[in-house]
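Down below is the structure, laid out as structure tokens.
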Amino acid sequence: MQHFDLIIVGTGSGNSILDERFRGKKVALIERNTFGGTCLNVGCIPTKMLVYTADVAATPGHSSRLGVDATLDAVRWSDIRERIFADRIDQIAAGGRDYRISHEDNANVTVFEGDARFTGPRQLAVAPNDGGAPATITADEVVLAAGSRPAIPDIEGLAGVDFHTSDTVMRLEELPATMTILGSGFIAAEFAHVFSSLGVAVTLVARSGALLRAQDADVSERFTEVARASWDVRLNTSTRRVEQHDDGVRLHVEAPDGPGVIESEVLLVATGRTPNTDQLDVAAGGLETDEAGLLKVDEYQRAVVGGTRGEKGAVAGGAVVPGVWALGDICSPYQLKHVANHEQRVVQHNLAEPELVTADHRFVPHAVFSSPQVASVGLTEVEAVERGLDISVARQDYGGVAYGWAMEDSTGFAKLIADRNTGLLVGAHIIGPQASSLIQPLIQAMHFGQPVANLARGQYWIHPSLPELIENALLQLDA
Ligand SMILES: Cc1cc2nc3c(=O)[nH]c(=O)nc-3n(C[C@H](O)[C@H](O)[C@H](O)COP(=O)(O)OP(=O)(O)OC[C@H]3O[C@@H](n4cnc5c(N)ncnc54)[C@H](O)[C@@H]3O)c2cc1C
Ligand SMILES: NC(=O)c1ccc[n+]([C@@H]2O[C@H](COP(=O)([O-])OP(=O)(O)OC[C@H]3O[C@@H](n4cnc5c(N)ncnc54)[C@H](O)[C@@H]3O)[C@@H](O)[C@H]2O)c1
């Protein structure tokens, strides 16, 4: 049995822990899949490369309102796919793997390419991908950075049909004529935009009465309205049974107007992601998960048993499991790369330095890169009211500022929520072009406690730029 100073499971965010401070340590790095993890290979990066491509492809369709009549000639899917994967992502993944396996910087690192599971406290068995004999390894410190995987709902017949998830759909051989997307969250919204802009007829099947339901209600309502004008959106629709047919997949659904059938060439299942704690058999390592399957960690990212999770934050009041740390999707209710990166830096610091630091989950923003874009930080209006805050709410349309006129935008808005007692923002929600960039000064203000009045009038806002949307919304707040 080999013993290490440090074992890291997962080469997504976990791979970034190993800087020069760890050169003197004997390290095992375990990966069962493609080096680099979800964000690089099947997540943020290829999806956003596709979203940008989709934005360009969709432009001729929007331009006539500006007096420019343009048409889209062709979409060369295989060129798009090769540009994204063969020319860029696959090379980065291969380069990252080679660096850890062969470069002299990593003489202290042993890469295990296989599937790990706990066989005891800080003891793991790794079944190699090449089918060789499992190796059992132990360490003083173990970091779990093993992420999450697509959750597959328990629907009759689904296991027997050819369906895709976000792991496979970006590498389709050819673009289908039709695609059904099951789900109405981040992944469904982003891929509906991508594939419909590239010419696929998309049907989106949502169990609930609105898309992006976790967003502020006004944003979810507006997104649903705009989506219904672009895609075939089936709300309040449950999928009862799925079957294969000659040209694709058939869904038997129960909709508000009764039972129905939806047929398409490709089915994409986008119904959430499950943390990989079960496959690691974390209980055998003396570790605990919460009801969502997330590994329990405290504010220092240390594994704990017992205790209770604060609102989307760390578990408080648990007993620390010595020498086990976790970061990212395996332990985080956020399932976002910037959160995984932040937690990775906290774990890295806490492993390397004598004084521990805590993770900061106070103002975690997110963006949905669909059409329209959505971005958000802090409380929704409903959450702010539920907390009993005395709030001021402002809503500014893109169509009410000069750059919005230039864009002829008629659906986007920014909604800001401030606490009258403190004069601080408690939530910001934007739907419309560049929402993911426009929100950044508001994230900064919330993070550093900058009052609304100071943020609005304490600086110049470039005229006539799109951030005037934010300036005008701030000026409407009574806080
Ligand atoms: C389609 C899609 C788009 C996304 N877009 C965005 C976005 O725009 N912005 C954003 O912030 N977030 C986005 N995310 C979420 C983001 O990708 C994740 O939150 C982030 O990558 C999680 O990083 P991680 O290091 O926790 O896990 P991962 O990057 O998933 O790394 C975990 C690694 O552990 C390996 N592993 C797991 N179990 C074992 C085992 N038992 N043995 C050995 N190895 C194992 C896995 O193979 C994997 O490589 C997206 C996700 C998806 C699916
Ligand atoms: N831009 C980004 O930051 C980005 C992009 C993609 C993914 N992600 C991350 O990945 C995570 C997973 O994305 P996602 O879209 O799969 O999850 P999600 O939680 O955003 O949405 C899941 C959707 O599936 C629906 N659903 C669940 N079970 C179902 C069932 N049995 N039948 C029908 N519908 C069902 C839910 O109602 C919900 O609409 C996100 O939560 C997010 O954290 C982030």
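All of these numbers come straight from a predicted model, not from anything done at the bench. In what follows, every heavy atom counts, from backbone to side chain, and hydrogens, waters and symmetry copies are set aside. We count ligands from 1, going down the list as the structure has it; atoms in each ligand are counted the same way.
Residues Asn106 and Arg100 bring a donor and an acceptor atom of their side chains to less than 3.5 Å of each other. Donor-acceptor pairing under 3.5 Å is recorded for the side chains of Gln348 and Asp19. Checking His252 against Glu243 by side-chain atom types alone, a donor-acceptor pair falls below 3.5 Å. Side-chain contact check for Glu31 and Thr11: at least one donor-acceptor pair (N or O, by modelled atom type) lies under 3.5 Å. Side-chain contact, Glu299 with His361: no donor N or O sits under 3.5 Å from an acceptor N or O.
Protein heavy atom at the shortest distance from atom 7 (C) of ligand 2 is Ile187 CG1, 3.4 Å. Of the protein's non-hydrogen atoms, the one nearest atom 17 (O) of ligand 2 is Gly272 CA, 3.4 Å. Counting protein heavy atoms only, atom 32 (N) of ligand 2 is closest to Arg207 CD, 3.6 Å. The protein heavy-atom contact nearest to atom 43 (O) of ligand 2 is Gln335 O, 2.7 Å. Of all protein heavy atoms, the one lying nearest to atom 47 (O) of ligand 1 is Glu31 OE2, 2.5 Å. Nearest to atom 23 (O) of ligand 1 among the protein's heavy atoms is Ser13 OG, 3.5 Å. When only non-hydrogen protein atoms are considered, atom 24 (O) of ligand 2 lies nearest to Thr271 CA, 3.2 Å.
Using a 4.0 Å cut-off to heavy atoms of Ala146, the atoms of ligand 1 that qualify are 32 (C), 34 (O), 36 (N), 37 (C), 38 (N). Residue His338 approaches ligand 1 through these ligand atoms, each under 4.0 Å from one of its heavy atoms: 11 (O). Near Ala270, with a cut-off below 4.0 Å to any heavy atom, the atoms of ligand 2 are 16 (O), 22 (C), 23 (C), 24 (O). Within ligand 1, counting atoms from 1 as listed, the ones closer than 4.0 Å to a heavy atom of Lys48 are 5 (N), 6 (C), 7 (C), 8 (O). Near Gln335, with a cut-off below 4.0 Å to any heavy atom, the atoms of ligand 1 are 15 (C), 19 (O). The ligand atoms of ligand 1 that sit less than 4.0 angstrom from a heavy atom of Gly328 are 26 (O). Listed by number with element, the atoms of ligand 1 under 4.0 Å from a non-hydrogen atom of Asp329 are 18 (C), 19 (O), 22 (C), 26 (O). Listed by number with element, the atoms of ligand 1 under 4.0 angstrom from any heavy atom of Gly147 are 26 (O), 27 (O), 30 (O), 32 (C). Of all atoms in ligand 1, numbered sequentially from 1 with element shown, those under 4.0 Å from a heavy atom of Gly114 are 42 (N), 43 (C).
A heavy-atom distance below 4.5 Å is found between the side chains of Pro333 and Arg309. Between Leu351 and Leu6, some side-chain heavy-atom pair lies under the 4.5 Å cut-off.
With Phe413 as the aromatic partner, Arg222 does not meet the cation-pi criteria of under 6.0 angstrom to the ring centre and within 45 degrees of the ring axis.
Contacts of Val339 with ligand 1, taken as heavy-atom pairs under 4.0 Å, are absent altogether. When heavy-atom distances to ligand 1 are checked against a 4.0 Å cut-off, Cys39 comes that close through both its backbone and its side chain. For Arg117, no heavy-atom contact with ligand 1 is shorter than 4.0 Å. Contacts between Leu280 and ligand 1, counted as non-hydrogen atom pairs separated by less than 4.0 Å, involve the side chain only.
Close N/O approach between Ala367 and ligand 2 is found [any backbone or side-chain N/O within under 3.5 Å]. Of the polar atoms of Lys337, at least one N or O is found under 3.5 Å from an N or O of ligand 1, judged by distance alone. At least one N/O-N/O distance between Asp115 and ligand 1 falls below 3.5 Å. By the 3.5 Å distance cut-off applied to N or O atoms, Ser184 is counted among the residues near ligand 2. Residue Gly43 has no nitrogen or oxygen atom sitting less than 3.5 Å from a nitrogen or oxygen atom of ligand 1, judged on distance alone. Checking only distances, Phe369 never comes within under 3.5 Å of ligand 2, N or O to N or O. For Gln279, no nitrogen or oxygen atom sits less than 3.5 Å from a nitrogen or oxygen atom of ligand 1, counting backbone and side chain alike. For ligand 2, the polar-atom distance check finds no N/O of Pro153 at less than 3.5 Å from any of the ligand's N/O atoms. In terms of polar-atom proximity, defined here as any N/O pair under 3.5 Å, Arg32 does make such a contact with ligand 1.
When the shell of 6.0 Å around CD of Glu353 is examined, it contains more than 12 heavy atoms from other residues, nucleotides or ligands.
In this comparison of Gly185, Gly43, Ser166, the heavy atom closest to atom 21 (O) of ligand 2 sits on Gly185. Looking at Glu190, Arg273, Lys48, it is Arg273 that brings a heavy atom closest to atom 10 (O) of ligand 2. With Val282, Thr38, Asp167, Ile30 as candidates, the residue nearest to atom 29 (O) of ligand 1 on a non-hydrogen basis is Thr38. Comparing Tyr334, Phe186, Phe191 by heavy-atom distance to atom 4 (C) of ligand 2, the nearest is Phe186. With distances taken over non-hydrogen atoms, the option nearest atom 42 (N) of ligand 1 out of Pro150, Ser332, Ala116 is Ala116. For the residues Gly37, Pro275, Cys44, Gly12, the heavy atom positioned nearest atom 7 (C) of ligand 1 is part of Cys44.
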Are Arg171 and Asp90 close enough, and set up right, to give a salt bridge (Lys or Arg N to Asp or Glu O under 4.0 Å), and what steps lead you there? CA-CA 12 Å; Arg171 294 194 190 231; Asp90 296 351; 2.8 Å; yes
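A salt bridge links Arg23 and Asp105; the closest N-O separation between the charged side-chain nitrogens and carboxylate oxygens is under 4.0 Å. Look at Glu381 and Lys415 and you find a salt bridge, because one of the NZ, NE, NH1 or NH2 atoms lies within 4.0 Å of a carboxylate O, short of that distance.
Applying the ring pair (Phe, Tyr, Trp, His ring centres under 6.0 Å) rule to pairs touching residues 183-226 yields Trp77-Phe195, Phe186-His366, Phe191-Phe195, sequence neighbours excluded.
For the side chain to side chain contact (heavy atoms under 4.5 Å, CB included) test, residues two or more places apart in sequence or in another chain that qualify with Glu82 are Ala86.
Atom CD of Glu343 and atom CG of Asn350 lie 11.5 Å apart (nearest 0.5 Å).
For the pair Gln373 (side chain) and Ser436 (backbone), a donor-acceptor distance under 3.5 Å is present.
Minimum interatomic distance between Thr136 and Met1 (heavy atoms only, all atoms of both residues): O-CG, 3.2 Å.
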